[in-house]
Each structure stands twice: as C-alpha cells, then as structure tokens.
Asks: 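I am attaching a structure below and will ask some questions about it afterwards.
What's counted below: heavy atoms across the whole structure, side chains too, no hydrogens, waters or symmetry copies.
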Amino acid sequence: MDSFSRHLFSLFLINTVLSGGSCDVRRITELSAFGDPGGKQEQLDIENCTYWDQVKAPDGYNLNLSRLLISTVLFCPSSPCTSCVRVAIKINNTVPVKIEGVQIHFFEYKSNRNNEIQIRWKNHMQPINAADFVFECFESDGGSQVEVAVKTIPDYGPQLTANYIVEDYEKGPRISYSVIPEQKQIIVTAPPGHMVKAMLCYKRGLLCRELSKHSIQLINTTSTLSYDYLLPCLCIQAFYPGHDSHRTTDCPFTDAPEAFGPDLWRSSNFSDLIQHKNNMAVRYNGKCLIKPHVVLCWKSNGSCVEFEVSATKFLKSGYVFESVDKHSQMCFKFKYKNSSHIECRNRPDTDWNVTMEVESNKLMLTFVSHFPASFSAVLCKSVGDDCKNTSLIYCISQTELSSQKLLMILPVESPEFCVRVWRSDVNFSGKQLLCPHYSRQWMGLGLLGMLIVLVIVLLVIYVVWQFTTKVVSAPLWSRTVLLMYSPDSEEHKTLICAFADILKTELDCNVILDLWDSGSVAEIGIVSWLYSKRELVETEGGKIIIIWSRKSQEMYKEWYMLEPVSGLDHDDLHDLFSTSMACIYNDILRNRRIKDYSIIYFNGLCSKENIPEIFAKIPKYQMLKDFSSLVSELQSLVDLPCRLKLSTKYLVCKILKSEKMQRLKRKIEQSRKLQEQRHLCSKDQGCSD
C-alpha cells in the first residue's frame, strides 16, 4: 500500500505475573513478524517490566487511531478450564513511527492483582505505520472486572485503556425480557459488555428443542425473538458463545393462563389409531410434554354434549375408548387446565342415517346402516327446552352386513310428539331428536305477512341508500389535493397513481400530480410548477399530501445534509422531492401552513419510525388502516352539516369495497413483496437481478 508498511505480530499462550517490578515469563511460543516481501523474519524479546521515561512523540503521531480489543477465552492447560482474558492491540498511525514494542498492564479489581508485560524487538526495527499484537492470556475469574492499559515503547505519552467484565462460562448470562403478545415477539436484553447468544425453544423434559433451525441470535444488548405459538413450554435460553458454556433457561409461561389457549391445540397433532369393531382411539402429540384429559362428546347444533363416564387415561399407544358409536358426530374433547379442544374425525364408512315420515297417527322411521347394529327410539313431548319421554322404548336390529333398510313404526296420539333415536348396542352413543313438521293455515298467513313486511323494509332501505349516495357524492366533497412523493421505483409510481385515482374518482377531489401534468412541468420547470400549485392549494383551502416511503427517508437524509445544515442549494432543480422538502422545511421553521400538510405511508412498505421527527406536528395516516381518518381530515376542511359528516362511515365502507380499492391493495402487496425481495438480494452477494 505505497509507503504504508504493515507488520503483523502473533503471540500465543503467554502468561506473565508481575513480581518485584519485573516480568516472570512462564510460557511463550514463537512470535513472528511479516513485513515487505523478501524481508527477514524478525525476533521479539520479552524483557523485565522496567519503566521507561516518557519521550516526545514524533510529529503526526496519534495513538487515538489505534484500538484495544479485549475478549474472554477458555484456558485449558488441564482440567478444569479457567477463564482467560485475551488482549489484542491494533496500532495505527498516519506516519511511520519507531516502535520497539508495547507494554501491557493488567489489573483485576476484585483481587487487587497487577500483571504487566513488555514485548520488544530483539533487533533494530525501522519506523512503521501499523502493528498488531495478540496476547494470550491473563488468567482471571469469571465475572471479575479488569482494567487493561497499553503503552508504546518508547513511551510517547498517551496510552490505550479499557475496562472489561470477564465472561463466566460456568454460569449462564443474566437476561431480562419483555413479551409483546400482539406481535408474537419476546425482546431479550443482556447486560452490556458481553456478547450473548439467545434463542427460543420448546422444553420437553430435560431437552429444550429450538423453534427452528438457525434461530439463535447473537445479541450485544437487545434482540427481538419471534415465536409461532404461545405455549406453556415456550422458554428462553441464553448462553455465551464459548464451547460448552452453561445455558440460562427461563420458562415464563409455565403457569400463564394465556399459554393454555388456542395455540396449545393449534400446534398439536391428532391422529386416529386403527381399532376393530366398536372401539375408538386417538393419539395426541404436542410440542409440550403434557397429558390432557379426554372424554367423548356428541356434536349437535353447534354444541358437544360430553359423556363424563367415558373419560380415559393416557396410554402409551394413545387414548382408547371401547363400545362406542363411531359416528362422525362422535368427537374427542381434550381438556387441560383452563383450556379445551374438540376434535372430530371424518368417518363416512361408520355413519348411519335415519329419516322420518308421518302418516295418519303413526311415525315411520327408516334406518340405513352398512354394518350390523341395533337402534332404539322413544317418543317424547316438548316441554320448554326439553323433550320428556312419553312411551316405551322401541328397538330394531340388523345382524348382518347389508345395505337393506330397517323400518320402525311408532304410533302417536297427536302431532305434538317428537322422537329420539340412538344406537343401542354400544355404551356410548349420541341421541338424535326428530320432530315432524305439520302444515297449518295460520303458518301460511304468517309467512305472507312476514314477506310483506320484508318487502316494505327493503324498499325503505333502498330509498335511504339512494339518498345517502347522492348526498355523499355531492360537489361539497370536492377538494384540491396536491400529492408530493419521492422518485422511487416504477411500481411505487404506479401505486401513487392508483391512490390518486381513488381520490379523484371516489372522493371527487381535484388531484394535482406531476405525473398527470407532465406537459406543464416540462414547460415551466418543476420549481415554478410546484410553487404555483402550492399557492392554488392555499387559495382553494385544499390539502398537501406527502406520500412517504423508505426511499423518502434515505433521500431526506441526503437532502438534509445539503440543504438545512450546510445552507447549500441542491444541484438538481428538477428534483420534485428536494423542492418539496425545501417548501415543507421552510413552512415548519416559520410555523405556518402546517395544517395544510398530511403524511401517508403504506403498510408493509414504510412505518412511522421512518418519518423524521421534524414532521412531528404533521398528522400521519397509515394506508389503508387510517383511510377513514384521512377522509374525515379532508371533510373537516369545510363546514358541513352534521348529517353529511355522519355519512362519512358509509362512504368509507363503500370505497373500501370498490374494485379500485381492491386493485390498490393488490398493488401494495406486490410492492411489499418486491421490496422484501430487493432487501434479501442486497444481503446476498450472489443474487442476480
């Protein structure tokens, strides 16, 4: 690198102790230096730690350009290993300086122990620009606070000093955390001064299984970990990067009620076990090592009636129930603490059906079953919400495999009776309630009256809807709106045009957009065009909407370094964004016309954090979440009647369901995916366009 001469020094497995002001070297291996090609290998000498008088530093010498790096390693000359402090010195200077070596001073606060070492060249060295020293290592106890100071030989005056807390590999790191359940995230915080690895895992017995591969994050102070399911066995593990370091495990949701919600069952697997005859069995497999309580239940009319006596314990193969009607309405109900889950399996080959016909004073039940079974029926009379039995139980059986229908006839005295049917050759079977429907004259009249009322109500709703549509689309809604934005990608411009089209067609706004007025922009220039349109917005009491993106944030930072800070004019006067920022910045500094501005950003493409603090007084809206608020803001520009303001909700609902709004949503999603793809490509050096 021209006259820049760099020497690399490598020193390994050195341990020294200060004794009577001199250095006692216990272990030292080869220390080598590499200079220019063809240079001879130099030799270093470690001398007694005598103290050198300070000398005047050469012109241009600046130790602040150098760095002192401290880290913890494991020193294992024998078992067990001990913590050891590695010291790396990177000396840099702008001009060549004569350096004969370095003097390292090590101090441990807890034991008040001092170690010091001097490393010097044996032979004469020419002045150099840079040198790297790695010293391994000073033994210390984990958790101790130490101080390291480095001077050059000769002593030019300044020194490199750093404090450090030695990592304790025998104990796991201390961590704190906070949970954000809405975003399914856990923020983990580690004490400063240590590099810590953290991950989320599901604990099963003594093992804690990582949520997904490569989910371990290296954190310096704070990191955000994401999870899919909030479960009682969800734990946080933290450990130091060293090999076989102790792991701190914290399971904050073991007894948390929210951990026993729907996620517990959504993350589980349920599988049928092959059973013969009338037995049912299910196997439960979850991410947490739990054993839920299971009962049978019969699902009907949105509820599942339990068979409490059917409760069974967990067996190695699963949960097994004997003598059960294996109908599709027979389900498993899993219970664990304050949570429950109903699991129904599709078994069309084990279903049986029954139909009912009414003739004179008798009910005829027709059973269809593809397997041998016995069925029972009993008449009942409705009393409130219950149906009380009023007859003996009638039975019928099918003894062979056949598709032949079974007919059962039940005599009835009046049309007020219903019938309960069930499978009677098993211990657990659900009962179906069948009630005949008799046609009566008053029912026809009632239906006719209800039909007339329904027609009248629909007619009134239609008239009100037509009136409201005309009111909310009246010329009173007309607004002058100027759109400002940063020149981003082509899909971003397409997105802006789609949003402008909604303002123009759905809200009847007079939209001013340079993309729609390119002729005037080319004729008078972007600066004159923009200032004339701003005056038009002020005259007509309109609104200036700034469409912000992540590209806007980057361009704002570049513009800010040129415009407000340095006072220089922007080179490109045709840049709409720079001209817009100059206008807005001037209005904010003078505290004028701030009410004329609004900022919008699209969800997934930008966030509030991307908007500079200088725009704090300007209202911000996230599209399309805050679309209703934006419409209210446009509406508030003029004094409208209360009834017209109440119609805003209807107008917003109508626009959100329109085809143009759906097209805008699709464009936002496409832009979001393209932005994520570009972000991934920027990280991957091998990604092609």
Side-chain angles (χ1 to χ4, degrees), residues 171-181 183-188 196-217 223-239 244-275 279-297 304 306-308 310-322 324 331-345:
K171 296 181 181 179
R174 294 174 300 167
I175 60 171
S176 59
Y177 57 87
S178 59
V179 184
I180 309 177
Q183 302 179 13
K184 292 192 172 184
Q185 293 178 340
I186 299 178
I187 300 177
V188 181
V196 175
K197 287 187 176 182
M199 72 173 188
L200 297 180
C201 57
Y202 293 127
K203 192 172 184 180
R204 292 176 61 91
L206 299 176
L207 299 178
C208 202
R209 298 184 177 179
E210 187 179 347
L211 263 63
S212 60
K213 293 183 178 179
H214 310 297
S215 66
I216 300 177
Q217 294 191 18
S223 183
T224 301
L225 305 177
S226 301
Y227 60 88
D228 295 325
Y229 304 104
L230 182 62
L231 304 179
C233 61
L234 179 62
C235 302
I236 309 167
Q237 272 197 354
F239 50 94
D244 300 326
S245 62
H246 182 80
R247 298 197 173 198
T248 299
T249 304
D250 198 337
C251 302
F253 309 107
T254 303
D255 298 317
E258 60 271 19
F260 300 95
D263 277 3
L264 180 65
W265 309 111
R266 278 198 291 261
S267 63
S268 303
N269 293 321
F270 306 90
S271 55
D272 281 334
L273 300 178
I274 299 176
Q275 293 292 318
N279 293 350
M280 287 175 60
V282 65
R283 177 182 288 119
Y284 168 82
N285 184 23
K287 296 185 180 296
C288 296
L289 197 60
I290 64 172
K291 296 179 180 178
H293 183 70
V294 184
V295 297
L296 294 173
C297 67
C304 204
E306 297 182 20
F307 298 91
E308 289 295 343
S310 67
T312 185
K313 294 182 179 180
F314 176 79
L315 302 177
K316 187 174 182 180
S317 58
Y319 298 90
V320 180
F321 299 87
E322 298 179 348
V324 181
C331 305
F332 300 103
K333 187 170 186 178
F334 293 80
K335 302 179 181 179
Y336 189 76
K337 292 193 175 182
N338 62 329
S339 180
S340 63
H341 170 73
I342 296 174
E343 184 71 15
C344 299
R345 319 303 289 175

Asks: Determine, stepwise, if the pair Phe239 / Val196 fulfils side-chain contact (heavy atoms from CB on, under 4.5 Å).
Replies: CA-CA 6 Å; Phe239 50 94; Val196 175; over 6 Å; no
Asks: Just how far is it from atom NZ of Lys287 to atom CG of Asn285, taken to the nearest 0.5 Å?
Replies: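 Taking NZ in Lys287 and CG in Asn285, the distance rounds to 9.0 Å.
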Asks: Taking side-chain hydrogen bond (donor to acceptor under 3.5 Å, both in side chains) as the test, write out the residues that go with Asp272, two or more places apart.
Replies: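 Scan of Asp272 (side-chain hydrogen bond (donor to acceptor under 3.5 Å, both in side chains), adjacent residues dropped) gives Arg345.
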Asks: To the nearest 0.5 angstrom, please state how far the NE2 atom of His293 sits from the NZ atom of Lys333.
Replies: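 It comes to 10.5 Å.
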Asks: How about Cys344 and Cys331 - are their SG atoms less than 2.5 Å from one another?
Replies: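 In this structure, Cys331 and Cys344 share a disulfide.
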Asks: Taking all non-hydrogen atoms of both residues, which atom of Phe253 and which atom of Leu231 are closest, and how far apart?
Replies: CB-O, 3.5 Å
Asks: Report yes if the side chains of Met199 and Arg247 come closer than 4.5 Å at any heavy-atom pair, otherwise no.
Replies: yes
Asks: Any side-chain heavy atom of Leu225 within less than 4.5 Å of one from Tyr177?
Replies: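 Not touching, per the 4.5 Å side-chain cut-off.
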Asks: Begin with the C-alpha distance, continue with both residues' side-chain angles, and end with the deciding distance and a verdict on side-chain contact (heavy atoms from CB on, under 4.5 Å) for Val324 and Phe307.
Replies: CA-CA 11 Å; Val324 181; Phe307 298 91; over 6 Å; no
Asks: Taking the side chain as C-beta and beyond, is there a heavy-atom pair between Glu343 and Tyr284 under 4.5 Å?
Replies: no
Asks: Side chains of Tyr202 and Leu211: does their closest heavy-atom pair fall under 4.5 Å?
Replies: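 Contact flag for Tyr202/Leu211 side chains = yes.
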Asks: Rounded to the nearest 0.5 Å, what separation is found between the NZ atom of Lys203 and the SG atom of Cys233?
Replies: 10.5 Å
Asks: How would you list, by chain and number, every residue that makes a side-chain contact (heavy atoms from CB on, under 4.5 Å) with Thr224, sequence neighbours excluded?
Replies: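 Listed in chain order: Gln185, Ile187.
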Asks: Which of parallel (below 30°), tilted (30 to 60°) and perpendicular (above 60°) describes Tyr319 and Phe334?
Replies: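 Perpendicular: the ring planes of Tyr319 and Phe334 meet at over 60°.
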Asks: Flag the pair Pro181 / Glu258 as yes when at least one side-chain heavy-atom distance between them is below 4.5 Å, and no otherwise.
Replies: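 The answer is no; the side chains never approach within 4.5 Å.
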Asks: Testing the basics here: between Arg204 and Leu289, what is the closest heavy-atom pair and its distance to 0.1 Å?
Replies: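 Reported closest heavy-atom pair: NH2-CD1, 3.5 Å.
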Asks: Using every non-hydrogen atom in the two residues, find where Trp265 and Gly261 come nearest and quote the distance to one decimal.
Replies: CD1-O, 3.7 Å
Asks: Measure the CG-OG distance between Asp228 and Ser267 for me, rounded to the nearest 0.5 Å.
Replies: 9.5 Å
Asks: Is any side-chain heavy atom of Tyr336 closer than 4.5 Å to one of Cys288?
Replies: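 No - every pair of side-chain heavy atoms lies 4.5 Å or more apart.
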Asks: State, with a plain yes or no, whether a side-chain heavy atom of Ile236 is found less than 4.5 Å away from one of Thr249.
Replies: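 The answer is no, as the side chains (C-beta and beyond) never meet within the 4.5 Å cut-off.
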Asks: Test of understanding: with side-chain hydrogen bond (donor to acceptor under 3.5 Å, both in side chains), list the residues that count as partners of Ser340, not counting sequence neighbours.
Replies: none
Asks: Could you give me the CA-CA distance, side-chain angles and deciding distance for Cys201 and Cys235, then say whether disulfide (SG to SG under 2.5 Å) is met?
Replies: CA-CA 5 Å; Cys201 57; Cys235 302; 5.2 Å; no
Asks: Work out which heavy atom in Ile180 is nearest to a heavy atom in Tyr227; give both atom names and the distance.
Replies: O-OH, 4.4 Å
Asks: To the nearest 0.5 angstrom, please state how far the CG atom of Leu296 sits from the CZ atom of Phe332.
Replies: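 Spacing of CG (Leu296) from CZ (Phe332) equals 6.5 Å.
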Asks: Report the distance from atom CD of Gln237 to atom CD1 of Ile216, rounding to the nearest 0.5 Å.
Replies: 8.5 Å
Asks: Just to verify, what does Thr248 make a side-chain hydrogen bond (donor to acceptor under 3.5 Å, both in side chains) with, not counting sequence neighbours?
Replies: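 Thr248 satisfies side-chain hydrogen bond (donor to acceptor under 3.5 Å, both in side chains) with no other residue.
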Asks: List for me each residue that meets salt bridge (charged side-chain N to carboxylate O under 4.0 Å, His left out) alongside Arg266, sequence neighbours excluded, and say none if there are none.
Replies: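 So Arg266 forms a salt bridge (charged side-chain N to carboxylate O under 4.0 Å, His left out) with Asp263.
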Asks: Would a 4.5 Å heavy-atom cut-off, applied to side chains only, mark Ile290 and Leu264 as touching?
Replies: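 Yes, their side chains come closer than 4.5 Å.
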Asks: Kindly check if the number of other-residue, nucleotide or ligand heavy atoms within 6.0 Å of CZ (Arg209) is above 12?
Replies: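 Counting neighbours around CZ of Arg209, 12 or fewer heavy atoms of other residues, nucleotides or ligands fall under 6.0 Å, so no.
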Asks: Any idea which heavy atoms bring Phe260 and Thr254 closest together, and the distance?
Replies: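 Result for this residue pair: CZ-O, 3.3 Å.
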Asks: Quick one: side-chain hydrogen bond (donor to acceptor under 3.5 Å, both in side chains) partners of Lys335, sequence neighbours excluded?
Replies: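 In terms of side-chain hydrogen bond (donor to acceptor under 3.5 Å, both in side chains), with neighbours along the sequence ignored, Lys335 is linked to Glu306.
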Asks: Where is the tightest heavy-atom contact between Cys304 and Ile342, given as atom of each residue plus distance?
Replies: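 Distance-wise, the nearest heavy atoms are CB-CD1, 3.5 Å.
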